[in-house]
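No experiment lies behind these values; they were computed from the predicted model shown.
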Amino acid sequence: MTRKEAFDSVRANVEDKNLVRHMLATEAIMRALARHLGEDDEEEWGLTGLLHDIDVELTEGDMSSHGKLGADLARELGASETMTHAILCHNETHGIPVETKLDKALFCADPLSGLITAAALVRPDKKLAGLEAKSVIKRFKEKSFAAGVDRRQISRCSEIGLELNEFIELGLVAMQGIAAELAL
Ligand SMILES: [Fe+2]
């Protein structure tokens, strides 16, 4: 699967621009993580991030199928078992253990993209450019801020060997790198 094929499929299945942006942001964080961890297949990591929520609109909020349909769609596009496993288990409803490095990376990158987006949107300029890692870390600690963002899930970056602060910084830099695509 090429990146273009994956992205075309995302655009064919997802209408909501913000959801597409969320997947692009997750892709950017996943790529940065792959590079940071010295993974051989950055593309696999990136495309897992890009595709992980491809079924959100198709499943219409049905959490018992979210991730399952996504894994099927990714498989049809040519995704490996490693990728489809990560997509499947990022939805905890299925009770499938988050076990591989790729699973763990997607599991913590997904909510981090939400936290960083929320932290950018409360700035007067609503831009990522001037956002500093320390303010995102402060937002992380403020429980009422973007309360839907699961802090516990982000903290599981420790399972792939990253300190929380380091992970937040890596995610922020990764998203700043594609700020125009994210409209942030
Ligand atoms: Fe997501």
Side-chain angles (χ1 to χ4, degrees), residues 1-16 18-116 149-162 164 166-167 170-171 174-175 177-178 181-182:
M1 161 190 15
T2 63
R3 201 254 176 203
K4 185 183 181 301
E5 285 163 350
F7 193 45
D8 285 349
S9 183
V10 165
R11 280 189 296 197
N13 288 292
V14 182
E15 247 174 57
D16 182 350
N18 288 330
L19 182 55
V20 173
R21 288 170 186 150
H22 162 64
M23 286 190 272
L24 288 168
T26 309
E27 177 191 17
I29 299 173
M30 292 293 283
R31 286 183 184 275
L33 275 176
R35 287 194 295 272
H36 179 82
L37 297 170
E39 289 299 315
D40 314 321
D41 201 343
E42 180 190 317
E43 204 58 18
E44 180 170 70
W45 283 49
L47 296 185
T48 302
L50 180 62
L51 292 170
H52 82 279
D53 274 341
I54 192 169
D55 66 358
V56 164
E57 290 179 2
L58 296 167
T59 53
E60 297 174 335
D62 172 13
M63 288 306 273
S64 67
S65 46
H66 168 51
K68 284 186 181 164
L69 181 59
D72 289 345
L73 289 170
R75 192 175 296 112
E76 280 165 27
L77 287 164
S80 65
E81 266 316 298
T82 321
M83 293 171 73
T84 55
H85 190 273
I87 292 170
L88 198 55
C89 72
H90 96 276
N91 176 6
E92 285 184 287
T93 313
H94 307 310
I96 298 167
V98 174
E99 49 197 3
T100 71
K101 232 178 179 182
L102 186 65
D103 294 347
K104 292 172 181 170
L106 177 62
F107 194 73
C108 60
D110 180 16
L112 180 62
S113 88
L115 179 72
I116 295 173
V149 171
D150 190 338
R151 270 65 169 174
R152 175 199 54 95
Q153 200 173 327
I154 297 177
S155 300
R156 283 179 61 183
C157 62
S158 61
E159 294 177 21
I160 48 170
L162 276 88
L164 179 66
E166 181 185 20
F167 181 45
L170 173 145
M175 285 177 60
I178 58 155
E181 284 168 78
L182 301 177

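In this structure, Lys101 does not pair ionically with Glu159, as no charged nitrogen and carboxylate oxygen lie closer than 4.0 Å. Under 4.0 Å is where a charged nitrogen must lie from a carboxylate oxygen, and between Arg31 and Glu43 at least one such pair does. We find that Lys68 and Asp72 are not joined by a salt bridge, their nearest charged nitrogen and carboxylate oxygen being 4.0 Å or further apart.
With sequence neighbours excluded, the residues forming a side chain to side chain contact (heavy atoms under 4.5 Å, CB included) with Thr59 are Asp55, Ser65, His66, Leu69, listed by chain and number. With sequence neighbours excluded, no residue forms a salt bridge (charged side-chain N to carboxylate O under 4.0 Å, His left out) with Asp62. Contacts of Ala32 classified as side chain to side chain contact (heavy atoms under 4.5 Å, CB included), with partners at least two apart in sequence or in another chain: Arg35, Leu170, Ala174.
Within the 4.5 Å cutoff, no side-chain heavy atoms of Ile178 are placed close to those of Glu27. Counting only heavy atoms from C-beta outward, the side chains of His85 and Leu102 never approach each other to under 4.5 Å. Counting heavy atoms from C-beta outward, Leu58 and Leu73 have side chains that approach closer than 4.5 Å. Within the 4.5 Å cutoff, the side chain of Asp150 has no heavy atoms near those of the Asp110 side chain.
A side-chain donor-acceptor contact under 3.5 Å links Thr48 to the backbone of Glu44. Judged by distance alone, the side chain of Thr84 and the main-chain N or O of Glu81 form a donor-acceptor pair under 3.5 Å.
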Open item on the list: Run the side chain to side chain contact (heavy atoms under 4.5 Å, CB included) test on Met23 and Phe7 for me, step by step, so that the C-alpha distance in whole Å, both residues' side-chain angles and the decisive distance to 0.1 Å come before the verdict.
Closed with: CA-CA 10 Å; Met23 286 190 272; Phe7 193 45; over 6 Å; no

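Note: Leu24 CG to Ile29 CD1 = 11.5 Å, rounded to the nearest 0.5 Å. The CZ atom of Arg3 lies 7.5 Å from the CG atom of Leu47; values are rounded to the nearest 0.5 Å.
A donor-acceptor contact under 3.5 angstrom links the side chains of His90 and Asp53, judged on distance only.
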